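In what follows, a single structure is set out as structure tokens and then discussed.
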Protein chains: 2
Amino acid sequence: MMNDVFKALSDPTRRKILDLLKEKDLTAGEISEHFNMSKPSISQHLKVLKGAQLVVDEKKGQYVFYSLNTTVFQDIINWAFEFYGKGGC
Amino acid sequence: MMNDVFKALSDPTRRKILDLLKEKDLTAGEISEHFNMSKPSISQHLKVLKGAQLVVDEKKGQYVFYSLNTTVFQDIINWAFEFYGKGGC
DNA sequence: TAGGTATTTAGTTATTTACTTAAAAATTAA
DNA sequence: TTAATTTTTAAGTAAATAACTAAATACCTA
């Protein structure tokens, strides 16, 4: 579970996708416009992000909108807190 | 920089090494005892963790002690906070 | 229905990664 | 110095990853 998350985060293209989604929800096509990369490659990256539950997709007509799933980011924070300091925020 | 960190964290063996170091500092040999894996493999994993500055090493005689570098974990928390909620703790 | 757009799936290839064993380097002690 | 111990480096290999193109799927509109 956390393995899927860190594997997903280990690729710079996928982290940049997350950065884009921080601003606003985007379709697969809009996301791909930000990269010098084929649409299928971006689609695969989105699949990995979705598998890690870092993003959620929603189909609207012929478009698929992607958005962040913030709960997993909380999991990452909790994971890192165990190393940084013994509890406390 | 953050790329090295997430790449380092993407492997379960390396995350388990970090878990072990959460308890106490350990030598390379002590770490390797916790795995069904050759010492050179563990040494390579330690090199990756060190490259990401997630751990620090200190030579004491013929032993090399490894310990956590907590500052990078703070960086991870800061990174994730930007997705979770706009600031605030 | 037919054609167009958006997205994903399938199949292929080059690169990277994680492991192995063997050898080297560095330290300790007889 | 020689031998033993700890750790890293080097070289090789199998599996995973990330990219591509081509084809399939799904939806919309004329």
Side-chain angles (χ1 to χ4, degrees), chain A residues 1-21 23-69 72 76, chain B residues 1-21 23-69 72 76:
Chain A
M1 183 263 176
M2 246 6 214
N3 194 53
D4 292 332
V5 172
F6 285 118
K7 276 243 187 299
L9 294 176
S10 70
D11 182 88
T13 298
R14 288 193 290 266
R15 289 200 307 281
K16 188 176 168 189
I17 290 173
L18 296 175
D19 282 331
L20 292 171
L21 294 175
E23 302 307 318
K24 67 170 189 286
D25 298 354
L26 295 170
T27 67
E30 287 171 332
I31 291 168
S32 75
E33 286 170 11
H34 289 82
F35 298 88
N36 289 329
M37 199 178 288
S38 67
K39 283 174 196 293
S41 292
I42 296 298
S43 183
Q44 304 255 39
H45 282 306
L46 288 169
K47 190 177 182 178
V48 173
L49 289 170
K50 193 177 152 188
Q53 296 184 272
L54 284 158
V55 302
V56 167
D57 65 346
E58 187 185 355
K59 187 150 195 176
K60 289 186 182 172
Q62 57 189 343
Y63 299 92
V64 179
F65 280 83
Y66 283 87
S67 56
L68 294 177
N69 175 25
V72 176
I76 296 166
Chain B
M1 184 265 176
M2 245 9 212
N3 194 53
D4 292 332
V5 172
F6 285 118
K7 276 244 186 299
L9 294 176
S10 72
D11 182 88
T13 299
R14 288 194 289 266
R15 289 199 307 280
K16 188 176 169 188
I17 290 173
L18 295 176
D19 282 331
L20 293 169
L21 293 176
E23 302 307 318
K24 66 169 190 285
D25 297 353
L26 295 169
T27 67
E30 287 171 332
I31 291 168
S32 75
E33 286 170 11
H34 290 83
F35 297 89
N36 288 329
M37 199 179 288
S38 67
K39 284 177 198 292
S41 292
I42 296 299
S43 183
Q44 305 226 55
H45 282 305
L46 289 169
K47 190 176 182 178
V48 173
L49 289 170
K50 194 176 152 189
Q53 296 185 270
L54 285 158
V55 302
V56 166
D57 65 345
E58 187 185 356
K59 187 151 196 176
K60 289 185 182 171
Q62 61 192 139
Y63 298 91
V64 178
F65 280 83
Y66 282 88
S67 56
L68 295 178
N69 175 25
V72 176
I76 297 166

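Convention: sequence-line order gives letters A, B, ...; per-chain numbering from 1. This structure is a prediction, so every number in the text was calculated from the model and none was measured.
- With the nearest nucleotide of DNA chain C identified for both Met37(B) and Ser43(A), Ser43(A) has the one nearer the 5' end.
- No donor-acceptor pair closer than 3.5 Å links the side chain of Asp25(A) to the backbone N or O of Phe65(A).
- Listed pair Ser41(A) / dA18(D) fails the phosphate criterion, with no side-chain N or O lying under 4.0 Å from OP1 or OP2.
- The OG atom of Ser41(A) sits 11.0 Å away from atom CG of Leu46(A), with the distance rounded to the nearest 0.5 Å.
- Expressed to the nearest 0.5 Å, how far CD1 of Ile17(B) lies from NE2 of His45(B) amounts to 6.5 Å.
- In this structure, Asn36(A) places its CG atom 14 Å from C1' of dC20(D), rounding to the nearest Å.
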Please set out all donor-acceptor pairs under 3.5 angstrom arising from side-chain atoms of residues 28-36 of chain A, sequence neighbours excluded.
{"residue": "Glu30(A)", "atom": "OE1", "partner": "Thr27(A)", "partner atom": "N", "Å": "2.9"}
{"residue": "Ser32(A)", "atom": "OG", "partner": "Gly29(A)", "partner atom": "O", "Å": "2.8"}
{"residue": "Ser32(A)", "atom": "OG", "partner": "Lys39(A)", "partner atom": "NZ", "Å": "3.4"}
{"residue": "His34(A)", "atom": "ND1", "partner": "Glu30(A)", "partner atom": "O", "Å": "3.0"}

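- Per the geometry, NZ belonging to Lys39(B) stands 19 Å off C1' belonging to dA10(D), to the nearest Å.
- Distance CZ (Phe35(B)) to P (dT7(D)): 14 Å, rounded to an integer number of Å.
- In 5' to 3' order, the nucleotides of DNA chain C bounding all contacts with chain A (an atom under 4.0 Å from a heavy atom) are dG4(C) to dT9(C).
- Atom CD1 of Ile42(B) and atom P of dT8(D) are 11 Å apart (whole Å).
- The shortest non-hydrogen separation linking Ala8(B) to Leu54(B) is CB-CD1, 3.8 Å.
- Residues Ile76(A) and Leu9(A) are in side-chain contact: their nearest non-hydrogen atoms beyond the backbone lie under 4.5 Å apart.
- Qualifying salt bridge (charged side-chain N to carboxylate O under 4.0 Å, His left out) partners for Lys50(A), counting only residues two or more places apart in sequence or in other chains: Asp57(A).
- Sorted by residue number, the members of residues 53-63 of chain B with any non-hydrogen atom under 4.0 Å from DNA chain D read Gln62(B), Tyr63(B).
- Tyr66(B) comes within 4.0 angstrom of sugar-phosphate atoms only, judged by non-hydrogen atoms across all strands, and of no base.
- In summary, of the residues considered (Leu26(B), Leu21(B), Val56(B)), a side chain to side chain contact (heavy atoms under 4.5 Å, CB included) with Tyr66(B) occurs for Leu21(B) alone.
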What protein N or O atoms touch nucleotides 12-16 of chain D N or O atoms at under 3.5 angstrom, if any, and at what distances?
none

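- Rounding to the nearest 0.5 Å gives a distance of 14.0 Å between CZ of Phe6(B) and NZ of Lys7(A).
- Looking at residues 26-33 of chain A, you'll see that no heavy atom sits under 4.0 Å from any atom of DNA chain D.
- Asn3(B) is listed as a side-chain neighbour of Arg15(A), based on a closest heavy-atom distance under 4.5 Å.
- None of Leu49(A), Ile42(A), Asp19(A) except one satisfies the side chain to side chain contact (heavy atoms under 4.5 Å, CB included) rule with Arg14(A); the exception is Leu49(A).
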